[in-house]
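Single-structure report; data block below.
A note on names: the letters A, B, ... follow the listed sequences, proteins ahead of strands, and every chain is numbered from 1. None of the values given here were measured: they were computed from a predicted structure. Side-chain atoms are counted along with the backbone in the values below, which use heavy atoms only and exclude waters and symmetry mates.
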Amino acid sequence: MRYTPELLIEAYRTMQTIRLFEERCILEFERGNIPGFVHAYNGQEAVAAGVCMHLSDRDVIGSTHRGHGHCIAKGCDVIGMMKEIMGKSTGLCKGKGGSMHIADFDKGMIGANAIVGGAPPLCNGAALTAKTLGTNHVAVSFGGDGSSNQGTTLEALNMAVVLQLPHIFIIENNGYGEGTGADYAVGCESLAERTAGFGMPAVAIDGTDFFAVYEQAKEYIDLARKGGGPSAIEAETVRFDGHFIGDPQLYRGENELDDIKKNRDCIKLFRNRVTAEKWLEAERMDEIDAEVAALIERAVEEGMNAPFPEPADLYADVYKTY
Amino acid sequence: MRYTPELLIEAYRTMQTIRLFEERCILEFERGNIPGFVHAYNGQEAVAAGVCMHLSDRDVIGSTHRGHGHCIAKGCDVIGMMKEIMGKSTGLCKGKGGSMHIADFDKGMIGANAIVGGAPPLCNGAALTAKTLGTNHVAVSFGGDGSSNQGTTLEALNMAVVLQLPHIFIIENNGYGEGTGADYAVGCESLAERTAGFGMPAVAIDGTDFFAVYEQAKEYIDLARKGGGPSAIEAETVRFDGHFIGDPQLYRGENELDDIKKNRDCIKLFRNRVTAEKWLEAERMDEIDAEVAALIERAVEEGMNAPFPEPADLYADVYKTY
Amino acid sequence: MTNTAKQAEATGTSSIKTYRQAINEALFQEMRRDPTVIVLGEEVSGGAGTDGIDDAYGGVFGVTKGLVHEFSRKRVIDTPISESAIIGAAAGAACTGLRPVAELMFFDFIGVSFDQIFNQAAKFRYMFGGKPNTPMVIRATVGAGWRAGPQHSNMLHPVVAHIPGLKVVMPSNAYDAKGLMISAIRDDDPVIFLEYKTLYDSKCEVPDDLYTIPFGEASFTREGSDVTIVAISGMVPRANAVADKLAGEGISCDVIDPRTISPLDVESIIESVEVTGRLVIVDEANERCSLAADISSIVAEQAFHALRAPIRKVTAPHTPVPFSPVLEDLYIPSPERIEQAVRDVLEA
Amino acid sequence: MTNTAKQAEATGTSSIKTYRQAINEALFQEMRRDPTVIVLGEEVSGGAGTDGIDDAYGGVFGVTKGLVHEFSRKRVIDTPISESAIIGAAAGAACTGLRPVAELMFFDFIGVSFDQIFNQAAKFRYMFGGKPNTPMVIRATVGAGWRAGPQHSNMLHPVVAHIPGLKVVMPSNAYDAKGLMISAIRDDDPVIFLEYKTLYDSKCEVPDDLYTIPFGEASFTREGSDVTIVAISGMVPRANAVADKLAGEGISCDVIDPRTISPLDVESIIESVEVTGRLVIVDEANERCSLAADISSIVAEQAFHALRAPIRKVTAPHTPVPFSPVLEDLYIPSPERIEQAVRDVLEA
Ligand SMILES: Cc1ncc(C[n+]2csc(CCOP(=O)(O)OP(=O)(O)O)c2C)c(N)n1
Ligand SMILES: Cc1ncc(C[n+]2csc(CCOP(=O)(O)OP(=O)(O)O)c2C)c(N)n1
Ligand SMILES: [Mg+2]
Ligand SMILES: [Mg+2]
């Protein structure tokens, strides 16, 4: 496949935005500026970026508790996200949702989801809308290895096949569901094969390789747009942080984190490849780093300065009319 | 495999008891002697019989809304069953359960289940008891093709593999879930293969062939008793009656019922085989027919004469203590 | 507002229809009017993937009969037995541009789909900052009396009325059923539409045209000044029968059918109790943390000084629904129990 | 009965323990005593199938910490993320000879496991004619205040208290938590055991030995004669604080902690209201079809003539739980709102 510099820059910017956003969330969480319960996506950037680059605002994604990366890749405003995560009234969801419940319907992002396995049935619905209205839009659900064992996910797979829905299931296998190994919790040898057993094309790819993700996603998304129905990608990836920010990660092996950060950092791997292939210059990427850093800085600053909701907001938006 | 006459007689008696029990239920339902909502098992007798002959009272089965056959094969008293189905106080569940909720814990029958997909998670639990207590008992769940698409069933498959539970999943594929074809509702080509994808041995067999069921069930039950974990059998079978008694069956093809009754009647096939092989004499089977007919007659008679519950029974047995 | 008043709103012809037909007609007419309305669920047509005919069932209670012939399988979608996936598909379709009517068949099946109802669809608008509409209807049948046993006979509406973000509709007659279904389809929030099993064949005059009944407006099915009876769903005809009987003795009852229990027309109930000073609530749900308790507590708080006797609730006992007909009949609030409760509040 | 009275029952040593430690100790001691007790759920040990250590979590709130070391993975079973399968396994194990304690982590996850709870386990005894025991405990955390957002902060106990066949336990302090957990494990019916998130670090004196607290016996955490306050779970400390403050003004309150909401100690509440004539109910659940409504309606029916003012409920509003801390703090009944309600009933 031929990669234009524009595309590579966009990919790099997306991944780096996610990385710096998450690293900053970790910092601001530790500083007490972010309340609650946050699950960082750093390490998995190539998956969100490689998939979402094929999607327009009219295509829909559904996400997970670990949703910041999907939001950013789908085009959500990072400043609005940071405000949301800080519980501010000008956040993307007016501070009502927080980290685990970010959505931006204008961008086709129909929600992070704090219920493991929550999104796949919903994305069937979005795909059903596309099919019923005869658009060529698609839906993409993201879910982890852990979520693959949830009945809602498994039901959704079969339903997508039966109704031939344009829905691509992305299974991000980062090896863990909380502190439980995927090797333990997933009884079969291969999630891709188990999924293929439902009657849809499904493959496992290296999820730390942006190019592998990008190319496989393109194939399946194109297929869905053409009426070819659902498919699934198991992206083998790594999580750089704990299950949640603050997790002591006692389930990690010795040197595991050092090792994956050294050898399986999707952004490093991307930089290495594009510089080795001479597709992009390191300086150009450094420039982007600086731009992204400035954006994140601004997001935090605006986030900190943004107002909290008013008491009356507690009662707003339960219903349209009641 | 060598089949003793005793075994064959037991098999034949079980199948014929189910057959005549169901035919009589249909009649008594039409006569208004059975209230409610009854799903007959006739046509599928070889599955219940072929599986349950390997089980003792300490082994556990969990069943479905179409549970009469499993109950009979597991040794439940047919008179107690008929009373239950008629809503009588001396029924197996004191008239509280009815057709869709027959259980007999003394016989290891932990319940018919009116919720499609209800039993597989429960049978994992029974298998967990066996594993935890170190007995060599097994659990068997019965479910239909339709139930295989329910999230609870799918979750239970994975959990059984993860915990290596002695649980045999029997999928009775009778081609229909209510009036929907299994070809439509099951997205994949083969339920056995989809199930195998979860990481357990699974095969499809001809469920109208008692001998095929018996032999495959033996293999998997033995495996489970020896600590070999879960497995699954897709038994391809046929339903002779409607989804429920009274169903107009508009979803059937022309001549479909005639055809399956002529060519895929598991009891006929059994008789043909055992007489052709000269394993049993037709007269011996005719004798059994008469014995079974007398038993069913007695069940209906005693059922009709049995008392209904007393008003105070409404409040009994919600809790052990409250 | 009384039914008579409401009926005046609908113009044109009308005829006697069953509850089943009324809902069916509402679905037909709304699907004609709005191409984004779809119907999905198990057996909503029936016969998919078989050698028999389409529309083999048209819903297990026949409520969606015929739709597939006019609107095709594209808009009348039979599904696998996967209730979470059914409700999820409806919710996901609703927030992206369709108006799905999902059938859950028996409301007892919320057990295998509850997350998609209460944690997803119900919360979208609030947790996503007010942005999405989620115009979906979940249809299901409720109630005992059908000899369907413990797992197919529950009411369970208190469980969903408890949940912020859901609206809950419980029509007690064919007229209301049609108008409320049309309102439910047009509503931009998730609506739970509960059909009482043994009412399907009940009949009344129903306009042929489209008409809506607003949510949160109770109907006074009987008017009187001695006692207020609030009755829910299948209990309304029973309450009416009791009121008619007592009228013969000179005891006059307001019978109030809230029609929607979320929102609830508190005002009408309070107004009536301010006059009668006595309240009986009849609801087939189990008694603990129930709608009957809810209404009782609201009235006891807001009309405290008007109450001349303790409020009486006539509900199912704290037991599952038994199969045996003799027990099931005792389980459901009977006219005798309702009548006794009315006499009790009059004597207290 | 007061806590002092109850404490007298337990002999031997005691020490200050947190709510978390108290439950943990109950699990340890019961697992030692009875080899059929097992614990299962997600991360109850943690670290399964990893290169790290066993017991990496010991439950996400640390409540099951250490169990795996003493009882091994045979009896402390980490599971996949499959809540229906977890509850189903517990129910199936319970009716065949074990006493499982299943962890649902956040009670919000009943959405993906509700059928196995309400339609299966809860109904076994009744629908199977009284034969099976189903001695299982479902542990889960409830409540807001943890900034966990709309899908991890609900109470939802009214939903399960509504269901016949379930018992529902909601301890408000470490002492009760231990005794109630031991009773729950020994109970032959399914018990829902709800732990209030922000109480895990609260402490009090807890006996080191095994002791039980019977279900259906409320505890009077404060005694008084002007107003009765019934408070549930995490609301008990708040009600106590308000009672203590008002005591300084000469207003004396009975504060009643039902401890188990199904069964509910109606008698104690009625007795108190017969004296005070005034009732405030404090519960964090949403208001519609709630436990607060339930208690209100029972009291208004049974103690009608004793009531000198309308009963006041202090509950969460009819909204999901918002994430933003400023809104979440408004969502939970505050000491100020409780105090105001007490003053209101005194003035009415
Ligand atoms: C239904 C449900 N069960 C359990 C949880 C608690 N929980 C949150 S994230 C998580 C692990 C998810 O693992 P995976 O799907 O692999 O995603 P990852 O965290 O690795 O991104 C669990 C168990 C939940 N939020 N929802
Ligand atoms: C959770 C749930 N969904 C739907 C139903 C209604 N229902 C009862 S039986 C049935 C069909 C089941 O099909 P299958 O599993 O193939 O069993 P069969 O009837 O063929 O024996 C359906 C949809 C139910 N009882 N429970
Ligand atoms: Mg993971
Ligand atoms: Mg079938």
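- Chain B forms more heavy-atom pairs under 4.5 Å with one residue of Val60(C), Val326(C), Ile81(C), Ile53(C) than with any other, namely Ile81(C).
- Interface remark: Ile34(B) contributes no atoms to any contact with chain C (heavy atom separation under 4.5 Å).
- With chain B as partner, the option from Gly46(C), Gly111(C), Gly49(C) having the largest number of non-hydrogen pairs under 4.5 angstrom is Gly49(C).
- Contact annotation for Pro150(C): both backbone and side-chain heavy atoms come within less than 4.5 Å of a heavy atom of chain B.
- Contact count versus chain C (heavy atoms, under 4.5 Å) is highest, among Gly175(B), Gly146(B), Gly97(B), for Gly97(B).
- For the options Gly179(B), Gly151(B), Gly36(B), Gly253(B), heavy-atom pairs under 4.5 Å to chain C are most numerous at Gly179(B).
- Within 6.0 Å of CD on Glu193(B) lie no more than 12 heavy atoms contributed by other residues, nucleotides or ligands.
- Between chain C and the options Val38(B), Val318(B), Val186(B), heavy-atom pairs under 4.5 Å are most frequent for Val318(B).
- In this structure, Leu330(C) CG and Leu314(B) CG are separated by 6.0 Å, a value rounded to the nearest 0.5 Å.
- Pro35(B) is listed as a side-chain neighbour of Phe323(C), based on a closest heavy-atom distance under 4.5 Å.
- Every side chain to side chain donor-acceptor pair (under 3.5 Å) that Asp265(B) has, sequence neighbours left out, goes to Arg19(B).
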Once you leave out hydrogens and angles, what donor-acceptor pairs under 3.5 Å do chain B and chain C share?
from: Gly87(B); atom 1: O; to: Ser324(C); atom 2: OG; distance (Å): 2.5
from: Gly95(B); atom 1: O; to: Ser324(C); atom 2: N; distance (Å): 3.0
from: Lys96(B); atom 1: O; to: Phe323(C); atom 2: N; distance (Å): 3.0
from: His101(B); atom 1: ND1; to: Gln151(C); atom 2: OE1; distance (Å): 3.3
from: Ala114(B); atom 1: N; to: Gln151(C); atom 2: OE1; distance (Å): 2.8
from: Asn149(B); atom 1: O; to: Ser82(C); atom 2: OG; distance (Å): 2.8
from: Gln150(B); atom 1: NE2; to: Glu83(C); atom 2: OE1; distance (Å): 2.8
from: Gly179(B); atom 1: N; to: Glu43(C); atom 2: OE1; distance (Å): 3.2
from: Gly179(B); atom 1: N; to: Glu43(C); atom 2: OE2; distance (Å): 3.1
from: Gly179(B); atom 1: O; to: Gly47(C); atom 2: N; distance (Å): 2.7
from: Thr180(B); atom 1: N; to: Glu43(C); atom 2: OE2; distance (Å): 3.4
from: Thr180(B); atom 1: OG1; to: Glu43(C); atom 2: OE1; distance (Å): 3.4
from: Thr180(B); atom 1: OG1; to: Glu43(C); atom 2: OE2; distance (Å): 2.7
from: Gly181(B); atom 1: N; to: Ala48(C); atom 2: O; distance (Å): 2.7
from: Tyr184(B); atom 1: OH; to: Asp78(C); atom 2: O; distance (Å): 2.5
from: Asp247(B); atom 1: OD1; to: Tyr57(C); atom 2: OH; distance (Å): 3.4
from: Asp247(B); atom 1: OD2; to: Tyr57(C); atom 2: OH; distance (Å): 2.8
from: Leu250(B); atom 1: O; to: Ile53(C); atom 2: N; distance (Å): 3.0
from: Tyr251(B); atom 1: O; to: Thr50(C); atom 2: OG1; distance (Å): 3.1
from: Tyr251(B); atom 1: O; to: Gly52(C); atom 2: N; distance (Å): 2.9
from: Tyr319(B); atom 1: OH; to: His318(C); atom 2: NE2; distance (Å): 3.0

